[in-house]
There are 2 protein chains.
Amino acid sequence: MSSPCSRHPHPHRLIQQPLTELTEKLRSKSRKITAPRQAILEVLRRHQHPITNKEIHTALGTADCDLATVYRNLHTLEDMGMVRRFDFGDGVARFELLEEGDDGHHHHLVCTGCSAVVEVEGCFPTELELALARRHGFTRVTHKLEFFGLCPKCAPAAPASP
Amino acid sequence: MSSPCSRHPHPHRLIQQPLTELTEKLRSKSRKITAPRQAILEVLRRHQHPITNKEIHTALGTADCDLATVYRNLHTLEDMGMVRRFDFGDGVARFELLEEGDDGHHHHLVCTGCSAVVEVEGCFPTELELALARRHGFTRVTHKLEFFGLCPKCAPAAPASP
DNA sequence: TTCTCTGCAAACGCTTTGCATTTCA
DNA sequence: TGAAATGCAAAGCGTTTGCAGAGAA
């Protein structure tokens, strides 16, 4: 890919951060380390693609807590910069745990058939974004970019197309 | 901008299509030309940026119809390819009327302060998208891309930043 | 007359919120 | 003890849907 941006240090989303490191971050901002919160972090740590509140809630299993608590915690974690919100355009928020020092800026290729997700290394070229900002006098410009298509498994089901 | 895509024949969104041409398109697909439908098309024709169902409903004024009718009509128009849906990530669908022959693929720069919208000429380089599709074996790959930032009017309100 | 569309009202799914209670520090 | 977090239930919001009646072809 010709012009990947530099904001993307963790292309494989393998969260190496131990749970203790995560809870430490909570402690440092005087947030309490509760059972639901730890369980939610564990679920996020195990998943390498964005997951919804409901999926998190289901994945909690024994460590079950109220769905509202999941929502509240994801807001908290987002505010603290520990988690990043993604929008696949289906009206449901999805979240990924962030590695230390990663701002989480990256994109996905989502199968419109089976919802399989591939993490994308490329990014909208930064120069284009800067040019755009300059041209219209905007500051603090970012972008949201997601790709959609049919994965190899789902492709045969649909009529031929490039 | 280095690599604009070719799918964007109408950068200024000045809808020149007369209402009769639009209703003709409806007629050709055996959809009825009703008062609410005409009024909705008129509203869309007058607006050069994506607007929400509720905004359309409000803009109807005297030609008022049920909000559900607005929703239903925008689905119909979308299915017919006369309108394109956009998602600014705030959980509300927005629509733009399409010119004949335009598939509506373009992007926006949205002010996070006042919601001002600028239509963007640039696009994610097609070659990158194709490379991405090839690499992961996906077909029919498209993307959703929107830019967000602070417009000149809203910039002073926030602390200095590039 | 037939098929589509509309209004109305109810329901839906995701998300947020108020409040009393519990839990962590 | 005090601040923060939780469970529960209700509400909020955008959107969809069922149904009976109205309207276009």
So if I take every side-chain heavy atom of [X] and compare against [options], which nucleotide ends up nearest?
X	options	result
B:V92	D:dG14, C:dG7, D:dA3	D:dG14
A:Y71	C:dT15, C:dT6, C:dA25	C:dT15
A:K32	C:dT15, D:dT15, D:dG2	D:dG2

For a quick test of reading the model: is some side-chain N or O of [X] closer than 4.0 Å to OP1 or OP2 of [N]?
X	N	answer
A:R31	D:dA4	no
B:T34	C:dT6	yes
B:K54	D:dG14	yes
A:N53	C:dC14	no
B:N73	C:dT6	yes

Margin query: Does the plane of the ring in A:H143 sit parallel, tilted or perpendicular to the ring in A:H105? Use 30° and 60° as the thresholds.
Written below: perpendicular

Check: What pair of heavy atoms forms the shortest contact from A:E119 to A:Q48, and how long is it?
Finding: OE1-O, 4.3 Å

Notebook entry, point to check: Do B:H106 and B:E96 have a side chain donor and acceptor closer than 3.5 Å?
Noted result: yes

Note to self: Need one value for B:A35: base, sugar-phosphate or nothing, where a base atom within 4.0 Å counts as base even if backbone is also close, heavy atoms only.
What the structure shows: nothing

Notebook entry, point to check: Is B:R72 touching bases, backbone alone, or none of the nucleic acid, heavy atoms closer than 4.0 Å?
Noted result: base

Notebook entry, point to check: Under 6.0 Å between ring centres, would you say that holds for A:H108 and A:F88?
Noted result: yes

